[in-house]
2 protein chains.
Amino acid sequence: MSDRPVIRPLPAIDRARQVTDALADYIKSAQLKAGDRLPAERELMSALMVGRSTIREAIRHFQALGVIETRKGSGTYLLKPVSKATIHMPLSLDTGHLREALLQTLEVRRGIECEACMVAARKRTDKDLILIEQNLNEMERVHIEKGTSGPEDLAFHLAIYDATHNPLFRQLLEQMRETFWQFWEHPFEREDFARRSFPFHRTLFNAIAARDTEAAREETLKILEVVEEDIKEMSK
Amino acid sequence: MSDRPVIRPLPAIDRARQVTDALADYIKSAQLKAGDRLPAERELMSALMVGRSTIREAIRHFQALGVIETRKGSGTYLLKPVSKATIHMPLSLDTGHLREALLQTLEVRRGIECEACMVAARKRTDKDLILIEQNLNEMERVHIEKGTSGPEDLAFHLAIYDATHNPLFRQLLEQMRETFWQFWEHPFEREDFARRSFPFHRTLFNAIAARDTEAAREETLKILEVVEEDIKEMSK
DNA sequence: AATGCTAAGATGTCAGACCAATTTGGCGGG
DNA sequence: CCCGCCAAATTGGTCTGACATCTTAGCATT
């Protein structure tokens, strides 16, 4: 019984890829931001003229990649904007204990973080420098006031990453932080974690301001050494 | 109306997570290696007592993470052994053009690669050193004989990554290479790509042999500088 | 023994139904 | 008029069954 030729001539290969691409394209074209809600599965289904299971498998794909999140009864939400051209690079880390995973990740982070600060020292514009200093001042203010500074510390480092004018640094380092926040026993939030690294933030800023790449590397290493010691201490 | 208590008492939360965990556990317990075939969907279905769609969504999850691969009509195959405890860290990279992506990635790679070589210089055992030198000798032999050495060059660097005793270095750097091999116009394989970096491989080895971390960093930087110049030249 | 064909088995997709959680809107009481 | 409660609509989660398509292996023919 001839289903006549084809309204949808695409059965060629890989409908799944087509759907993930279509989803990514929609996200891009609709200018969706993190937190925005995506169309319901049944809407996508009729819009793309594919079965619901196909839609769901595409959603699961992005879910695994940390791009979207589903909330039962509510909808699916965007976590990180993507496009069809986005390159996904999933890493799998196998270690015995969490402590080991943390330290190994820190070792890699040391390489990336040092390079980021060196590049920032070389490529930063005056505007970048102003932003970094603002975040540093805010961080120091909060630190002195409350004795600790979680979000402000992060903001300071992110400002440095942005000063590299290479988005990969921010994406990589931010994602590494996030991943371990998931596995961390949140309630810990030790008030004194990495507190000893506090003074090196100002010296790191000075190095970047002076465009002194080697000094920037030195100061970054000092900060990370404190982090390493504290991780070893806490997870003992 | 009592469906009586429960054959499957688990509807609690997250059946999907349960299935991915079950799959990961099976992979671990069955000692599956890369390339091995997993049970058919319908087998898993009856074994775990869940619907086929649930199984498929779990498979799609691992597929997105690069853990398994499905071949229509054949089966699903394991790419990277995992366990329930495996930490997955998906990275998403957004860049404009390929040239830009290559250079930005290289910038990050410089950080990681330098750190890897420095750590290798510090932590390498004598056995690691022997392996590295074997790969170096083979690479030099092929290079002199054929004028180029793609796989042998890779093997040399992988041996260095392994000498760090931190699996993350190998995973990250190998994955970065792989990812761009996908997007590369394969036919390129320019015979002279990075050829000028050839002599620095021996000096890098000497630095690692001498446990001289700073020298290892210097030689690695020289290699990567050649790579950067060649990328700029070729993608012009 | 080599070859070609068929059937079994696998994944890929679609459709329909029901469940459970959330959201929404209307209704009634304050 | 406002607030709170409850029911209906919406939405993701799962199961079942069916069919298509590709792969593989075994069988029969030459």
Side-chain angles (χ1 to χ4, degrees), chain A residues 1-23 26-27 32 35-79, chain B residues 1-23 26 32 35-64 66-79:
Chain A
M1 194 58 49
S2 59
D3 38 349
R4 52 201 187 300
V6 265
I7 289 299
R8 279 233 288 138
L10 349 135
I13 41 170
D14 237 343
R15 186 101 90 251
R17 175 58 183 255
Q18 294 174 328
V19 174
T20 55
D21 280 356
L23 248 183
Y26 172 80
I27 291 171
L32 295 189
D36 288 352
R37 188 174 170 283
L38 278 75
E41 293 177 359
R42 292 169 178 83
E43 290 179 47
L44 292 171
M45 186 178 147
S46 56
L48 297 178
M49 289 285 291
V50 297
R52 194 174 158 213
S53 56
T54 306
I55 295 287
R56 284 186 59 78
E57 288 179 18
I59 288 177
R60 277 290 204 266
H61 175 90
F62 281 126
Q63 204 180 25
L65 292 175
V67 171
I68 64 180
E69 169 197 26
T70 60
R71 297 179 211 155
K72 186 173 179 177
S74 173
T76 76
Y77 297 84
L78 188 62
L79 293 179
Chain B
M1 196 59 47
S2 59
D3 39 347
R4 51 203 189 301
V6 267
I7 288 300
R8 276 234 287 137
L10 350 135
I13 41 169
D14 239 342
R15 185 100 93 254
R17 175 60 184 252
Q18 294 174 329
V19 174
T20 56
D21 280 355
L23 247 183
Y26 172 79
L32 295 189
D36 288 352
R37 188 174 169 285
L38 277 75
E41 293 176 359
R42 290 174 178 81
E43 291 178 47
L44 293 170
M45 189 178 144
S46 56
L48 297 177
M49 289 285 291
V50 297
R52 192 175 158 218
S53 55
T54 305
I55 296 286
R56 284 187 59 79
E57 288 179 17
I59 289 177
R60 278 288 202 262
H61 175 90
F62 281 125
Q63 203 180 24
V67 171
I68 63 179
E69 168 198 26
T70 61
R71 298 178 210 158
K72 183 174 179 177
S74 175
T76 75
Y77 297 83
L78 189 62
L79 294 179

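Letters go in sequence order (proteins before strands), and every chain restarts at 1.
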Between OG on residue A:Ser53 and CD on residue A:Glu41, distance to nearest 0.5 Å: 10.0 Å

B:Thr70 side chain N/O closer than 4.0 Å to the phosphate oxygens (OP1, OP2) of C:dG12? yes

Take atom CD of B:Glu57 and atom C1' of D:dT16, then tell me their distance rounded to the nearest Å. 14 Å

Atom CZ of B:Arg52 to atom P of D:dC19: distance rounded to whole Å? 14 Å

Tell me the closest heavy-atom pair linking A:His61 and A:Thr20, and the distance in Å. CD2-CG2, 3.9 Å

Can you check the A:Glu43 CD to D:dA9 P distance for me, whole Å? 17 Å

Just checking, is any N or O donor in the side chain of A:Thr70 or A:Gln63 under 3.5 Å from an acceptor N or O on the other one? yes

Taking the side chain as C-beta and beyond, is there a heavy-atom pair between A:Leu23 and A:Phe62 under 4.5 Å? yes

Distance in angstrom units between A:Arg17 CZ and C:dG12 C1', rounded: 17 Å

Look at the side chain of A:Lys72 and decide which nucleotide, out of D:dG13, C:dG12, C:dC14, has an atom nearest to it. D:dG13

Which sits closer to the 5' end of DNA chain C, A:Gly73 or B:Gly75, going by the nucleotide each is nearest to? B:Gly75

Return the value, rounded to whole Å, for the distance between atom CG of B:Leu48 and atom C1' of D:dT14. 14 Å

Interatomic distance, OG1@B:Thr54 vs CE@B:Met49, rounded to 0.5 Å, equals 12.5 Å

With distance as the sole criterion, do the side chain of B:Arg71 and the base of D:dT24 form a donor-acceptor contact below 3.5 Å? no

In whole Å, what is the span from the CD atom of B:Gln18 to the C1' atom of D:dG13? 12 Å

Is there side-chain contact between B:Thr76 and B:Glu69, with at least one heavy-atom pair below 4.5 Å? no

Let me know the distance between CD1 of A:Ile55 and C1' of C:dG12, rounded to the nearest Å. 14 Å

Shortest side-chain distance from A:Thr54, nucleotide among C:dA10, D:dT14, C:dC14: C:dC14

Taking only N and O in the side chain of A:Ser74, is any of them less than 4.0 Å away from OP1 or OP2 of D:dT10? no

Tell me the interatomic distance from B:Met49, atom CE, to D:dT14, atom P, rounded to whole angstroms. 15 Å

Under a 4.5 Å cut-off applied to non-hydrogen side-chain atoms, are B:Val67 and B:Leu79 in contact? no

Using only side-chain N and O atoms of A:Arg56, determine if any of them is under 4.0 Å from OP1 or OP2 of C:dC14. no

Could you check whether A:Ser53 gets within reach of a base, just the sugar-phosphate, or nothing at all, counting any heavy atom under 4.0 Å? base

Is there a residue in residues 35-42 of chain A whose heavy atoms reach under 4.0 Å of DNA chain D, and which residues are they? A:Arg37, A:Ala40, A:Glu41, A:Arg42

